[in-house]
Amino acid sequence: MKFNTLTPEEAAALIGNGENIGLSGFTAAGAPKAVPRALAEKANAEHAAGRPFKVNLFSGASTSASTDGVLAQADAIGYRTPYQSNADLRKNINSQKTRYNDMHLSHTAMYMRYGFIPRVQTAIVEATEVTDDGKIALTTAGGNTATYCALADRIIVELNAYHHPGLKDLHDVYTPANPPHRAPIPLTHVQDRIGTTWLQVDPAKIVGIVNTNENDHIAPFKDSDPVTDKIGENVCNFLADELRAGRLPKEFLPIQSGVGNIANAVLAALGRNTEIPPFRMHTEVIQDSVIKLMDAGRCTFVGGCSLTVSDDCLKHIYENFDFYKNKIVLRPQEISNNPGIVRRLGLICMNTAIEVDLFGHVNSTHFYGRQMMNGIGGSGDFARNAYLTIFTCPSVAKKGAISSIVPMCSHIDHTEHDVDIVVTEQGVADLRGKSPRERAEELIEKCVHPEYKQLLRDYIARTPGYHTPCDVTKALEFHRAFLAEGDMRKANMA
């Protein structure tokens, strides 16, 4: 079948106000670029003419400045799910310009198939190749692309000549059937392949091809610092202790790691620690630090949802593709984040917290209970089902004015039942098997910054006769003190 070649502007002209748009990719990796930019230009022109124009945006996770960024600047996003990390979009969400549904990343595709959330009408997909019979070779991410293409009325393909044609061989496209017809997902080892390298779509849905030649524009993360390095060291020492104690098998277990500077510092520390044997990973985002571990022989295989690496790192992968092609697999996020697979593989899951309270609840998404940062992402998919769940954070922020360990979280994403270990640069709190009061004492002793220890001890002393040392009159006093006086150290716990 011969497909039409479109300019980005011609593709954007096909999309109407209020339309539901499904994007390929997961983070900036694999996200379309040219058509969203043209859509933002269309929105600006419509607004200048006094006409409304917004679309409802569904993705794998965050996207990029070329997608979320330009569309948010044009005030062209009416609704957004399941995750974002763009400053302009965050501003629109917190000012109520954009409605935002923060969703577990493993839920989006199946919820759309179930009809719980609206289906997309147009899917915009980045690819390295499209065949006449509708086989699409994806670029650097799996995301929710398969479901969006299956449900969409039309598909626009950005054919990106920048990417290595061998990328299609990294993909393992598999979509579970809906209940009551769902069979077990036959993935029992990190390196298993259960699907196809191509995404098969109905070719009649493909309304046009937009030719591009553009990298993912992913910058490297900032270098580690003494705090993140110490957190990484603490995590590694804890895992080495678990190995020695026999609570981890001697061959170790697969790793899942979140995204960011702390996650990279932890992975770098794992690479340096010779007590930790070479390991495999089953995760969402494959970062630069993972590629460095593979180069050093410390990570032997990684299955993930996206190859979210810096532009220089991606170039390195393409130049050495024969080395990596049998060591990396890219999956749909419905598979990479599937709770049953997480539990079956026995993952060691490490993610970052904004704040942790004295009972072990974790806030991953909100400042002061009301201001969205990015979203829950996949941390909940992994945390509840892991062999071992670790949350990391610095003990303080804002030069000590904020304690990351608080009497009660201002927003809870992960309950005390899902959190095993908390690590700051101060130390490691092991919450397994402990009562609420014991968890509070463990966190204060091991993870809290010295400037906040007495304040938190004063707090738990207020309720000596109760199972859970919670005083509702003071539970959010740290947050009140910061909002009123700019410093949690000014909290009145008397």
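- Separation of atoms CD (Gln287) and CD1 (Ile218) is listed at 10.0 Å; rounding is to 0.5 Å.
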(message) Run the side-chain contact (heavy atoms from CB on, under 4.5 Å) test on Leu388 and Met350 for me, step by step, so that the C-alpha distance in whole Å, both residues' side-chain angles and the decisive distance to 0.1 Å come before the verdict.
(response) CA-CA 8 Å; Leu388 192 60; Met350 303 180 292; over 6 Å; no

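- The six-membered or imidazole ring of Tyr100 lies away from that of Tyr79, with a centre-to-centre distance of 6.0 Å or more.
- Take Ala76 and apply the side-chain contact (heavy atoms from CB on, under 4.5 Å) test, not counting sequence neighbours, and it matches Ala43, Leu71, Ala74.
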(request) Give the intermediate values and the outcome of salt bridge (charged side-chain N to carboxylate O under 4.0 Å, His left out) for residues Arg119 and Asp153. (result) CA-CA 10 Å; Arg119 72 172 181 88; Asp153 299 320; 3.2 Å; yes

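- Using a 4.5 Å heavy-atom threshold, the side chains of Asp413 and His411 count as touching.
- A centroid separation of 6.0 Å or more is found between the aromatic rings of His361 and Phe391.
- Here His107 contributes atom NE2 and Glu334 contributes atom CD; the two are 10.0 Å apart, rounded to the nearest 0.5 Å.
- Using the six-membered ring where Trp is involved, Tyr111 and Tyr114 have ring planes that are tilted, between 30° and 60° apart.
- For an aromatic pair to be called close, the ring centres must be under 6.0 Å apart, and His47 with Phe53 fails this.
- By the 4.5 Å heavy-atom criterion applied to side chains, Trp198 and Ile136 are not counted as neighbours.
- A salt bridge links Lys33 with Glu126: the distance from a Lys NZ or Arg NE/NH1/NH2 to an Asp or Glu carboxylate oxygen falls below 4.0 Å.
- To the nearest 0.5 Å, the span separating CG on Leu483 from CZ on Arg370 amounts to 5.0 Å.
- With respect to Asp88 and Arg90, no salt bridge is recorded, no charged nitrogen being found less than 4.0 Å from a carboxylate O.
- Ring geometry for Tyr318 versus Tyr162: interplanar angle of 30 to 60°, hence tilted.
- Using a 30° and 60° split on the angle between ring planes, Phe482 and Tyr368 fall in the parallel class, below 30°.
- Heavy-atom minimum distance, Phe382 versus Cys349: CB-SG, 3.6 Å.
- Tyr83 and Asn374 make their closest contact through OH-CB, 3.4 Å (heavy atoms, listed as atom of the first residue, atom of the second, distance).
- For the pair Lys325 and Phe323, the cation does not sit on the ring face, since its NZ or CZ is not both under 6.0 Å from the ring centre and inside 45° of the axis.
- The side-chain contact (heavy atoms from CB on, under 4.5 Å) test applied to Glu10 returns Leu6, Thr7, not counting sequence neighbours.
- Asn144 contributes no side-chain N or O that, together with a main-chain N or O of Thr147, makes up a donor-acceptor pair within less than 3.5 Å.
- Rounding to the nearest 0.5 Å places CD1 of Ile231 at 8.0 Å from OG1 of Thr352.
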(message) I'd like to know whether Lys54 forms a salt bridge (charged side-chain N to carboxylate O under 4.0 Å, His left out) with Glu19, so could you lay out the CA-CA distance, the side-chain angles of the two residues, the decisive distance to 0.1 Å, and finally the verdict.
(response) CA-CA 8 Å; Lys54 287 189 176 186; Glu19 196 161 318; over 6 Å; no

(message) Before you tell me yes or no, could you show the steps for Glu214 and Arg37 under salt bridge (charged side-chain N to carboxylate O under 4.0 Å, His left out), namely the whole-Å CA-CA distance, both residues' side-chain angles and the distance that decides it to 0.1 Å?
(response) CA-CA 13 Å; Glu214 188 172 351; Arg37 285 195 295 260; 2.9 Å; yes

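- The distance from the CD1 atom of Ile185 to the CG atom of Asp192 is 12.5 Å, given to the nearest 0.5 Å.
- Of the inter-residue distances, the one linking Leu253 atom CG with Ile348 atom CD1 reads 5.0 Å to the nearest 0.5 angstrom.
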